[in-house]
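Right, one structure below, let's go through it.
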Amino acid sequence: MSESKEKPIDFVRQMVAADVAAGKHDGRVQTRFPPEPNGYLQIGHAKAICLNFEIAREFKGLCNLRFDDTNPEKESEEFVQAIEDDIRWLGFEWAKVCFASDYFEQLFDWACQLIESGDAYVDDLSFDEMREYRGSITAPGKASPYRERPAAESLDLFKRMRAGEFADGEKVLRAKIDMAHPNMNMRDPVMYRIKRMHHHRVGDAWCIYPSYDFTHGQSDSLEQVTHSLCSLEFEDHRPLYDWFIEKLGIFPSKQTEFARLNLTYTVVSKRKLRTLVEGGYVSGWDDPRLPTLRGMRRRGYPAEAIRNFCATVGVTKVPSTSDVALLEHAVREVLNRTASRRMAVLNPLEVELTNWPEDEVIEVEGVNNPEDPDAGTRKIPFAKRLLIEQEDFREEANRKFFRLKLDGEVRLRGAYIIKCDSIEKDADGKVTKLLCSVDLDTLNKNPEDRKVKGVIHWVSAAHAIEAPVRLFDRLFSEEKPEADKAVEFTEFVNPDSLEEGIAYCEPSLAGIEAGTTCQFERVGYFCADSELSKPGQPVFNRTVGLRDTWAKKN
RNA sequence: AGGCCGAUGGUGUAAUGGUAACACUACUGGUUUUGGUCCAGUCAUUUGGGGUUCGAAUCCCUAUCGGCCUGCCA
């Protein structure tokens with residue numbers, strides 16, 4: 001609807017637009033998001049998801065979800081469900097859900113075809129021998145002694161591989177390309193391996209499984225994918241991707257690579273996330289400190305914020321590391337206009353209003369969201385004994401501190417102006433209680449004779465509900481925990497990434513629904529944890545703090 | 001070391017042979033019953049060298065730096 005700060009068009013979209021303009025594939029655009037169901041989605045996947053689904057939408061095309069399930073060793077139905085769930089939460093719906101395993105029979109036929117045409121052969125070399133024969137980055141490889149075996153023999157062997165006549169690893173099917181090719185992927189890559197393992201979808205129907213390289217491009221082709229977008233590390237695979245398509249004479253999907261997303265103060269690779277989970281550094285794949293979709297969701301990051309973030313980091317071929325501040329800004333931007341305001345005190349200091357009647361309780365009105373008049377108001381109880389934030393009081397301070405000090409005045413948000421007349425201390429000299437007087441003529445109005453600049457949040461001590469809060473900090477203390485290859489990244493895990501405490505909340509917070517995020521005024525955004533909250537007893541996660549230009553300077 | 005890819009403020013991107021711009025960050029001020037939001041402003045950029053051109057971030061050469069590649073993972 002509303003419109004157009006013309007967004008910069010990334011190189012992928014430019015290419016797609018050019019293809020459409022040239023009438024390629026009759027102007028049809030089709031993409032796909034191709035996860036392997038062996039783990040949970042993270043922020044880097046979100047970038048790929050947004051790219052693929054949004055391009056399909058922008059060019060009035062289709063985007064499928066396809067599971068690249070060619071390695072039963074690590075894959076499971078559980079991950080299939082979780083991935084579907086995460087993509088929907090992010091805000092996308094696929095045209096079709098597909099599985100590479102649905103193409104196994106077709107892939108097998110194609111493999112036979114390549115054997116017959118002399119483009120593939122069965123190899124008996126062992127794993128170690130094959131590595132030896134492959135050569136190295138600087139030295140050419142050499143031909144396997146089985147490379148020239150007659151096609152008929154390879155075909156027979158391949159069929160017997162499928163029939164289960166050989167042990168795991170005893171033989172493989174290889175493409176016959178060029179053992180001296182400078183691109184290692186072209187040195188007769190493996191197309192099929194023998195692996196007796198139960199597959200989450202095809203069960204025990206197969207004991208041979210196709211490799212990624214012999215599956216991915218053909219799957220794209222079968223689905224009529226026009227633009228196959230993947231990350232940079234597959235650049236070297238593109239010649240092979242094209243080789244299979246050409247040899248088979250099938251629909252020419254085109255692969256284009258872009259840089260994956262990296263973030264400061266975190267890690268995103270599946271292997272490293274797994275290390276954090278299995279090493280007990282975090283509580284699970286949905287730990288709110290993790291950049292997994294489930295973690296971020298639980299922490300309270302809105303899906304819209306993640307989509308916006310992906311749009312601002314853009315799509316290029318430059319390997320880069322985005323500042324988490326960019327992500328946090330996207331989160332605040334959405335939450336500022338959508339989150340309901342509430343008051344809660346994290347480090348309480350008691351305030352007694354000396355001129356307020358002992359039993360009098362009134363209700364003041366709180367604005368739910370100054371950014372959104374439609375959000376309405378709520379009632380907040382106000383009584384003689386209150387709780388304020390310890391850091392909002394100083395016995396003495398200079399004029400730049402415009403919160404409460406002894407003999408000073410401050411506005412209680414949504415209520416009255418109070419003056420601190422005296423304080424009580426314990427034996428250690430710690431301030432334990434503030435005795436204040438209320439200016440009764442300041443509810444919803446400012447005094448005419450003076451200006452009171454400070455405003456602090458508060459809750460009524462007798463009405464406050466206590467809720468556990470979990471204050472998260474960055475998971476790593478190092479900006480690029482992976483940068484030093486000599487040091488294991490877990491060395492940089494921030495020991496203080498989780499701080500637990502109690503929030504003294506205004507009563508309305510008891511009714512917050514799990515999974516919703518609100519702003520604790522002057523403190524930050526907090527999400528009622530979806531796992532730990534019980535009806536009437538929320539547990540809060542700090543989604544992100546408010547920008548705090550005061551704290552930074554002090 | 002061989003192949004492929006890449007290099008624009010602190011970070012992420014734009015400019016596609018014609019005035020280097022946007023967002024974030026940082027900093028200054030203003031508004032404000034959130035030291036939030038909002039508004040105004042400041043600092044700061046084309047990796048080095050050569051070439052082509054009236055004119056180069058953009059094209060060419062070269063150096064340097066960075067990423068990926070030697071799984072029967074994807």
Side-chain angles (χ1 to χ4, degrees), chain A residues 5 7-11 14 34-36 38 68-71 73-75 123 125-127 130-131 134-141 168-174 181-185 187 189-195 208-209 211-213 215-216 230-239 257 259 261 264 270 309 312-330 332-333 336-337 341 343 367 370-371 400-403 411-415 417 442 444-446 452-457 479 519-524 545-554:
Chain A
K5 258 186 294 193
K7 274 180 269 180
I9 305 294
D10 57 74
F11 84 101
Q14 284 178 34
E36 183 188 13
N38 71 341
D68 252 340
D69 54 349
T70 59
N71 185 1
E73 217 164 294
K74 315 181 244 180
E75 297 157 4
D123 196 351
L125 250 31
S126 71
F127 188 93
M130 209 181 287
R131 186 174 55 221
R134 190 159 35 231
S136 76
I137 245 164
T138 45
D168 285 16
E170 194 177 329
K171 289 177 170 27
V172 293
L173 180 69
R174 295 229 254 170
H181 200 107
N183 180 343
M184 301 292 290
N185 294 122
R187 317 244 264 228
V190 169
M191 294 164 60
Y192 270 90
R193 69 275 211 196
I194 304 171
K195 193 179 280 222
I208 58 172
Y209 291 95
S211 64
Y212 166 84
D213 285 308
T215 305
H216 197 90
C230 63
S231 48
L232 246 32
E233 65 266 32
F234 292 103
E235 254 169 338
D236 287 349
H237 293 248
R238 179 158 26 99
E257 312 84 15
L261 175 68
T264 54
K270 206 173 277 179
F309 168 72
T312 70
V313 299
V315 182
T316 69
K317 294 184 80 105
V318 188
S320 57
T321 303
S322 294
D323 195 330
V324 272
L326 237 46
L327 211 210
E328 290 173 349
H329 172 262
R332 290 191 187 103
E333 191 271 325
N336 177 53
R337 66 185 144 77
R341 270 62 178 186
M343 287 198 287
V367 174
E371 308 296 316
K400 288 212 306 226
F401 179 84
F402 41 84
R403 276 114 98 144
R411 157 80 61 187
L412 294 174
R413 174 77 164 149
I417 287 172
T442 54
N444 295 325
K445 70 191 230 193
N446 282 319
V452 175
K453 187 170 167 75
V455 179
I456 63 174
H457 59 280
E479 184 174 298
Q519 182 193 113
F520 289 179
E521 288 201 74
R522 304 210 310 130
V523 179
L546 254 29
R547 233 176 121 243
D548 191 346
T549 48
W550 163 256
K552 265 185 260 188
K553 285 184 285 196
N554 295 274

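In what follows, chains are A, B, ... by sequence order, proteins preceding strands, each numbered from 1.
- Contact annotation: Thr312(A) does not reach the phosphate of G12(B) (side-chain N/O to OP1 or OP2, under 4.0 Å).
- Among the protein residues, Thr215(A) comes within range of no part of the nucleic acid, since none of its heavy atoms lies under 4.0 Å from any strand.
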Classify every nucleotide of nucleotides 68-74 of chain B by which part a protein heavy atom approaches to under 4.0 Å, writing B for the base, S for the sugar-phosphate alone and - for neither, in 5'-to-3' order.
BBBSBSB
Report, as a single string ordered 5' to 3', how protein heavy atoms within less than 4.0 Å touch nucleotides 25-44 of chain B: B base, S sugar-phosphate only, - not at all.
-S-----BBBBBS-------
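- Contact between Val367(A) and Arg341(A) at its shortest, heavy atoms only, is O-CB, 3.9 Å.
- Between His216(A) and Asp68(A) the shortest side-chain heavy-atom distance falls below 4.5 Å.
- Here, C54(B) and C22(B) have their P atoms 32 Å apart, quoted to the whole Å.
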Pairing annotation in dot-bracket form, given for RNA chain B with Watson-Crick or G-U pairs under 3.5 Å and | for cross-strand partners
.((((((..((((....[..)))).(((((.......)))))....(((((..]....))))))))))).....
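- Within the cation-pi definition used here (under 6.0 Å to the ring centroid, within 45° of the axis), Lys195(A) does not qualify as a partner of Tyr209(A).
- Put simply, CZ on Phe309(A) is 15 Å from P on U11(B), counting in whole angstrom units.
- The C1' atoms of G35(B) and U28(B) are separated by 15 Å, rounded to the nearest whole Å.
- Of all heavy-atom pairs between Arg403(A) and Trp550(A), the closest is NH1-CD1, 3.1 Å.
- Of the C1' atoms belonging to U19(B) and G12(B), the separation is 24 Å, rounded to the nearest Å.
- G67(B) and G30(B) are spaced 46 Å apart, taking the C1' atom of each and rounding to whole Å.
- Atom P of G18(B) sits at a distance of 12 Å from the matching atom of C59(B), rounded to the whole Å.
- Taking atom P on both nucleotides, U11(B) is separated from U46(B) by 13 Å, rounded to a whole Å.
- The gap from the C1' atom of A20(B) to that of U32(B) amounts to 37 Å, rounded to the nearest Å.
- Regarding contacts with the backbone of G6(B), every side-chain N or O of Thr316(A) stays at 4.0 angstrom or more from both OP1 and OP2.
- Glu257(A) comes within contact range of no nucleotide atom at all, as no heavy-atom separation falls under 4.0 Å.
- In this structure a side-chain-to-backbone donor-acceptor pair under 3.5 Å is missing from Thr264(A) to Glu479(A).
- Rounded to a whole angstrom, the distance from the P atom of A14(B) to that of U47(B) is 15 Å.
- Under a 3.5 Å cut-off, the side chain of Arg193(A) and the backbone N or O of Val172(A) do not form any donor-acceptor pair.
- For G71(B), the base is syn relative to its sugar; the glycosidic angle is within 90° of 0.
- A donor-acceptor pair under 3.5 Å is formed between the side chain of Gln14(A) and the backbone N or O of Ile9(A).
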